[in-house]
Amino acid sequence: MENIKQIFLIGMMGSGKSTLGSMLADKLNWTFIDIDTELEKDHGLSINDMFNNGESNFRSLESKKLEKMVLKNHIVCATGGGIVEEDVNHKILNQSFCVYLDTSLDVLHERVKHDSSRPLLLKGDKKDLLRDIFNNREEKYKSLSKLNIKTDNVDIIDSCKTIMEYINE
């Protein structure tokens with residue numbers, strides 16, 4: 001088994017990357033980093049406000065942050081759901097240890113249906129928008145994933161245990 005010094009959590013919005021990442025980092029005694037939270041701190045703006053300046057501008061900021069994250073050791077990093085959209089990010093993540101939090105469309109919708117902080121879900125039917133995004137990204141997540149964790153009806157503690165067992169093999 002490779003010597004894993006960083007874990008990147010990838011998956012759709014609402015898949016639990018931030019929640020699971022924080023708990024996993026605590027259990028490993030590593031640092032937890034949420035890229036979206038870091039970007040909000042760096043720029044003094046919400047993700048929605050950053051998106052108002054253009055999605056491509058936001059993706060550029062996200063890529064620059066990811067480039068800094070791969071230089072750190074002993075981190076659990078929750079990425080933004082759309083981080084897989086940029087080729088430069090795909091190349092970085094392809095060389096990293098990525099865990100895909102694989103969550104069904106129905107569960108994702110249930111988790112985000114009342115959430116107004118998701119800029120890509122603000123204009124139109126949330127379930128339809130979510131389905132389109134999911135269909136566009138799912139193969140990208142799977143192609144980057146070294147470990148696939150199904151999160152539907154699975155306790156977060158069990159998901160952490162699965163990841164820890166995998167990296168400690």
Atom pair NZ (Lys150) and OG1 (Thr103), whose distance is rounded to the nearest 0.5 Å: 9.0 Å
Kindly write out the residues that satisfy salt bridge (charged side-chain N to carboxylate O under 4.0 Å, His left out) with Asp49, not counting sequence neighbours, or none if the list is empty. none
If you group Ile, Leu, Val, Met, Phe, Trp and Tyr by side-chain heavy-atom gaps below 4.5 Å, do Leu129 and Val107 land in one group? no
Leu108 and Phe134: CA distance, side-chain angles, deciding distance, side chain to side chain contact (heavy atoms under 4.5 Å, CB included) verdict: CA-CA 10 Å; Leu108 291 170; Phe134 181 84; 4.0 Å; yes
With a 4.5 Å limit on heavy-atom distance, are the side chains of Tyr141 and Asn148 in contact? no
Do the side chains of Phe58 and Ile47 get nearer than 4.5 Å, heavy atoms only? yes
In Å, rounded to the nearest 0.5 Å, how long is the span from OG of Ser46 to NE2 of His43? 12.5 Å
Rounded distance [0.5 Å steps], CG in Asn94 versus OG in Ser145: 11.0 Å
Find the distance between CG (Leu101) and OG (Ser159) and round it off to the nearest 0.5 Å. 7.0 Å
Check whether any side-chain heavy atom of Thr151 lies under 4.5 Å from a side-chain heavy atom of Ile156, and answer yes or no. no
Indicate yes or no: at least one non-hydrogen side-chain atom of Ser143 is less than 4.5 angstrom from one of His90. yes
Between Lys41 and Glu38 (salt bridge meaning N to carboxylate O under 4.0 Å), is one present in this structure? yes
Those residues at least two apart in sequence (or on a different chain) that pass salt bridge (charged side-chain N to carboxylate O under 4.0 Å, His left out) with Glu85 are Arg137, Lys140
Look at the side-chain heavy atoms of Ile, Leu, Val, Met, Phe, Trp and Tyr, link any pair under 4.5 Å apart, and say whether Leu105 and Val154 land in one connected group. no
Would you call Val76 and Thr31 a side-chain contact if the rule is heavy atoms closer than 4.5 Å? no
A quick test of your reading: do over 12 heavy atoms of other residues, nucleotides or ligands sit less than 6.0 Å from CG of Asp87? no
Please determine whether side chain to side chain contact (heavy atoms under 4.5 Å, CB included) holds for the pair Asp125 and Leu130, giving the CA-CA distance in whole Å, both sets of side-chain angles, and the decisive distance to 0.1 Å. CA-CA 9 Å; Asp125 180 75; Leu130 202 55; over 6 Å; no
Could you tell me whether Arg59 and Glu62 make a salt bridge, using a distance below 4.0 angstrom between a side-chain N and a carboxylate O? yes
Non-neighbouring partners of Phe8 that pass ring-ring contact (aromatic ring centres under 6.0 Å, His included), sequence neighbours left out: none
Please tabulate, one pair per line, all N/O donor-acceptor pairs under 3.5 Å involving side-chain atoms of residues 10-29, not counting sequence neighbours.
unit_1: Ser15; atom_1: OG; unit_2: Met12; atom_2: O; d: 2.8
unit_1: Lys17; atom_1: NZ; unit_2: Gly11; atom_2: O; d: 2.9
unit_1: Lys17; atom_1: NZ; unit_2: Met12; atom_2: O; d: 3.0
unit_1: Ser18; atom_1: OG; unit_2: Asp34; atom_2: OD2; d: 2.4

Applying side chain to side chain contact (heavy atoms under 4.5 Å, CB included), name anything that partners Ser63, two or more places apart in sequence or on another chain. Glu86, Val88, Asn89
Compare all side-chain heavy atoms of Leu147 with those of Ile149 and state whether any distance is below 4.5 angstrom. yes
Minimum side-chain heavy-atom gap Lys65-Ile33 below 4.5 Å: no
Check this for me: Asp155, atom CG, are more than 12 non-hydrogen atoms of other residues, nucleotides or ligands nearer than 6.0 Å? yes
Look only at the side chain of Asn73 and the backbone of Lys5, and say whether a donor-acceptor pair between them is shorter than 3.5 Å. no
Heavy-atom closest pair, residues Met69 and Ile75: O-CD1, 3.5 Å
Any ion pair linking Asp102 and Lys142 (charged N to carboxylate O, less than 4.0 Å)? no
Stepwise side chain to side chain contact (heavy atoms under 4.5 Å, CB included) check, Leu66 with Leu93: CA-CA 9 Å; Leu66 179 63; Leu93 292 170; 4.1 Å; yes
Return the CD1 to NZ distance between Ile35 and Lys68, rounded to the nearest 0.5 Å. 11.5 Å
Hey, are the side chains of Ser96 and Val70 touching, using non-hydrogen atoms and a 4.5 Å cut-off? yes
Over all atoms of both residues, closest heavy-atom pair of Phe97 and Gln6: CB-O, 3.6 Å
Nearest 0.5 Å, please: how far is CG in Asn168 from CD1 in Ile4? 8.5 Å
Apply side chain to side chain contact (heavy atoms under 4.5 Å, CB included) to residues Met50 and Glu40 and explain how you reach the verdict. CA-CA 8 Å; Met50 283 184 258; Glu40 288 177 334; 3.9 Å; yes
His74: partners by ring-ring contact (aromatic ring centres under 6.0 Å, His included), with sequence neighbours left out: Trp30
